[in-house]
> 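Sharing a structure, written as structure tokens. Questions coming.
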Amino acid sequence: ATGFRNVSFVYSGDLSSFFLWCLFILSLVQNNVITGVYPASPSSWLFVVIAILATMYTRSDPSMGLIAKIQEHLPVSDSLSIQCRTVVSAVLFSTLLWFSLIFTMRLCLKQLLSYHGWMFEQHGKVSNTTKIWAAMVRIFSGRQPLLYSYQGSLPNLPVPTVKDTVKRYLESARPLMSDSEYERMTTLAKEFESSLGNRLQWYLKLKAMWASNYVSDWWEEYVYLRGRGPLMVNSNYYGMDFLYVTPTPIQAARAGNTLHACLLYRRKLNREEIKPSRVPVLNVPLCAAQCERIFNTTRIPGEETDSLIHWQDSEYVAVFHRGRYFRLWLYHAGRMLSPREIEQQIQRIMDDPSPPVPGEAKLAALTAGDRIPWAQARKEFFSSGVNKRSLDCIEKAAFFVALDDDEQGMRGDDPAGNLDRYAKSLLHGKCYDRWFDKSFTVVVYKNGKNGLNAEHSWADAPIMAHVWEYVMTTDSFQLGYTEEGHCKGDVASSLPPPTRLTWDIPAECQERIERSLAVAQALADDVDFHVLPIQEFGKGAIKKCKISPDAFIQIGLQLAYYRNRGTFSLTYEASMTRLFREGRTETVRSCTSESCAFIRALEGGESKEVCRRLFRTAAEKHQHLYKMAMTGGGIDRHLFCLYLVSKYLGEESPFLKEVLSETWNLSTSQTPLQQVELFDFVNHPEYTTCGGGFGPVADDGYGVSYIIIGENMINLHISCKHSCPQTVSTFFHYQFPETTEKGKIETSKLIDKMSLLKLVRI
Ligand SMILES: *[C@@H]1O[C@H](CO)[C@@H](O)[C@H](O)[C@H]1NC(C)=O
Ligand SMILES: *[C@@H]1O[C@H](CO)[C@@H](O)[C@H](O)[C@H]1NC(C)=O
Ligand SMILES: *[C@@H]1O[C@H](CO)[C@@H](O)[C@H](O)[C@H]1NC(C)=O
């Protein structure tokens, strides 16, 4: 390194232009770079380079000969002077060093994040291991992460052993089977475990080695995209507006703010400015992969399987109003439209008197019916000409907007009944006024209420709920309305009006539309829906009893089901596996021997002491199962994958076949409130969200979605089918502990044994 001293003098010009060039490139691909080199920051590269150059300046060689080696092998060595070569080699060395540091840090973080012991520790009793672990995670997880910063450091979902899964399965099946059935199942399971299971497991492990998640691609394809029945009711779910408040009664204005807030979210998303979701207590990051397809996405029907298509570019939305379709540009002269401008454009759509052309009004029924007829109709009637162009426009839109002609919400003389109708309207509408294939449809009603309907294959409900929390609160608290209820902001008079999409729908296609509509209408009419806001108690009261709120509600649902049907049922509770890369959901089988024992004791009139003890055991068991599911120790996804492997290999397994064909008569899911900081339940308790819900999963069963809001509120969304004589959504709710009358709770009149909360209160 002789002559190094003059380096800065001789090469300052070249070096600075080199750095400038680097910075330029960095700015071009900024987010990719920031995410790509996380947990280090791009500027730390400069730091490493300068540090290395500085140590060389002191005539020591930090690379232990490596720089010299690099210098020997530089391909351009002849055209450059010695000093220059030295600098280039040093920079190369620093870069290598920097990358290996990043790599090491990521590896460490990944190893750290594979530890899940913290989850199984008792509340308030954190072990020393966990404390040290948490500190290390903090060090290695860097500062100011972007949305996708942690993706490379998330651990892979582990494959449980067949033995464990079979054991857990048998344990979960025990309370639902008679002794002889259980014995038969045990024999089947043991046989599977000792023979075919091992082979299937081998293939599955092979898959787990190269796939980033051994479940998710199969889950998306086989559970969602290959489903041939209607998406409406069966798969799509909805999200509601605020329960008590409608920020403006003007439909166009509400649409203006809502759409603008969606765009703000999308901008944050594109810039990766949305903070990665974390587990609240210890800040452990969750996978963000599902965020990629929120916008610009649609599901395309196919004859065998559907597909999901995502576009990089889509600067408009498709709007449906009174049977007509419009394209509404959201940008003008390179900037986003203001809420006021969107309001004006929406108003223009609403003022447009032109009638729908034949077939146009009910067109979207195709997306509500069976998939195969839709795939065929799409191929026959929508693959050329104006129809193709217009369909393209809907499918490539950022998202879909439906302006409804009716009023909805908890209002009028029959608030509870109207709330139920509101839920049904969001879930299926008129079967032709939502585009069920679109990643999501924003619905705005005549009285200013809004809501959304979301397709399920591209992501799970927490992702959409995250968007919706942001949209609701931004709409009301950030954007706001003028005193007359209009959006704020100026209007550029030069905005071109939204354009009508043109269609030429032949009679034959109209017939197909009618057929799809008939299928969808029958399905929609069969849905019995009930929304139950419980305002008399909530998380606060349950936590005081030192019980997990989720376990409390789950056992309450078990009890309600038992009172309704007189038996227990296999119960599905969705939990997430986003602690792992590309994780989606896992099933918690929340009907357990422990919960059954408690319910039998309670209904059998056992003493309060006995019931209380059994209740606690049941709640603890539930918590344990939930944690196991979150940390890769679930049952159902593993069995599902083993089943698929057996199908690929052409092997028949009576055990897997039986397990996979079980029906879930009680299907439940909690939507957690994620961005609590956006709400203000203390000063604005009326601005409370109502959560969302989904349709009944089994023909004979109940679907229950619930959300825990603040300290004093729980909302249940209960669904079932009219065609099943044993299920009634409102009856189910009568049975839910603490509730006696529709929408009301009369705690004082409750007999002791009806009240779980009283029971566990010490
Ligand atoms: C944890 O560390 C504290 C001191 O920091 C020590 O007093 C305590 O005994 C340790 N606990 C365990 C279980 O090792
Ligand atoms: C969706 O389209 C918008 C507008 O063209 C674009 O800026 C954005 O990058 C796209 N989003 C994604 C996730 O590709
Ligand atoms: C679901 O309900 C139906 C109708 O009552 C019943 O026949 C079936 O056994 C139930 N399934 C389970 C798993 O409980």
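Positions are given from 1 along the sequence. Ligands are counted one by one from 1 in listed order, and the atoms in each one are counted from 1 as well.
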> For atom 1 (C) of ligand 2, which candidate among Asn270, Asn296, Leu269 holds the nearest heavy atom?
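Shortest heavy-atom distance from atom 1 (C) of ligand 2: Asn296.
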> Is any side-chain heavy atom of Ile635 closer than 4.5 Å to a side-chain heavy atom of Leu639?
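A side-chain contact exists here, since the closest heavy-atom pair is under 4.5 Å.
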> Do any N or O atoms from the side chain of Asp528 and from the backbone of Cys720 form a donor-acceptor pair under 3.5 angstrom?
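Checked: no pair found.
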> To which protein heavy atom is atom 4 (C) of ligand 3 closest, and what is the distance rounded to 0.1 Å?
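The protein heavy atom lying closest is Arg565 NH2, 3.4 Å.
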> Which protein non-hydrogen atom lies closest to atom 7 (O) of ligand 3, naming both residue and atom, and how far is it?
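Protein heavy atom at minimum distance: Asp700 OD2, 4.8 Å.
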> Does some non-hydrogen atom of the protein lie less than 4.0 angstrom from atom 11 (N) of ligand 3?
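Within 4.0 Å: yes, protein heavy atom nearby.
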> Do the non-hydrogen side-chain atoms of Leu259 and Leu328 ever get within less than 4.5 Å of each other?
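Side-chain contact under 4.5 Å: yes.
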> Are any side-chain N or O atoms of Asn453 and backbone N or O atoms of Tyr238, one a donor and one an acceptor, separated by less than 3.5 Å?
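No, because the side chain of Asn453 does not come within donor-acceptor range (under 3.5 Å) of the backbone of Tyr238.
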> Can you find a heavy atom in the side chain of Phe529 that is under 4.5 Å from one in the side chain of Lys424?
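Side-chain contact under 4.5 Å: yes.
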> For atom 8 (C) of ligand 3, which protein heavy atom lies nearest, and how many Å away is it?
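Looking at atom 8 (C) of ligand 3, the protein heavy atom closest to it is Asn665 ND2, 3.8 Å.
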> Would you say the side-chain atoms of Gln290 pair up with the backbone N or O of Gly583, donor to acceptor, closer than 3.5 Å?
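At least one qualifying donor-acceptor pair exists.
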> Would you say Glu662 touches ligand 3, if touching means a heavy atom closer than 4.0 Å?
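Distance cut 4.0 Å: Glu662 fails for ligand 3.
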> Relative to the heavy atoms of Ser569, which atoms of ligand 3 are at a distance of less than 4.0 Å?
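Ligand 3 atoms under the 4.0 Å threshold to Ser569: 14 (O).
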> Polar contacts were defined as any N/O atom of the residue lying under 3.5 Å from an N/O atom of the ligand; does this apply to Gln312 and ligand 2?
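Yes; the residue has a nitrogen or oxygen that sits under 3.5 Å from a nitrogen or oxygen of the ligand.
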> Does the ring of Phe400 carry Arg434 above it, NZ/CZ under 6.0 angstrom from centre and within 45° of its axis?
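No, Arg434 and Phe400 do not form such a contact.
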> What protein heavy atom sits nearest atom 13 (C) of ligand 3, and how far away is it?
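Result for atom 13 (C) of ligand 3: Thr663 O, 3.5 Å.
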> Atoms of ligand 2 less than 4.0 Å from Glu315 heavy atoms?
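Under 4.0 Å from Glu315, ligand 2 has these atoms: 4 (C), 5 (O).
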> Keeping Asp437 on the side-chain end and Thr298 on the backbone end, is there a donor-acceptor pair under 3.5 Å?
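No, because the side chain of Asp437 does not come within donor-acceptor range (under 3.5 Å) of the backbone of Thr298.
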> One residue to check: Trp311. Relative to ligand 2, which of side chain, backbone, both or neither has a non-hydrogen atom less than 4.0 Å away?
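The backbone, only.
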> Within the 4.0 Å heavy-atom shell around His310, which atoms of ligand 2 are there?
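Per the distance check, 12 (C), 13 (C), 14 (O).
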> For ligand 2, which atoms, with element, lie under 4.0 Å from some heavy atom of Arg266?
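Within the 4.0 Å cut-off of Arg266, ligand 2 contributes 1 (C), 2 (O), 3 (C), 4 (C).
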> Counting C-beta onward and ignoring hydrogens, is there a side-chain heavy-atom pair between Phe192 and Val166 closer than 4.5 Å?
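Touching, per the 4.5 Å side-chain cut-off.
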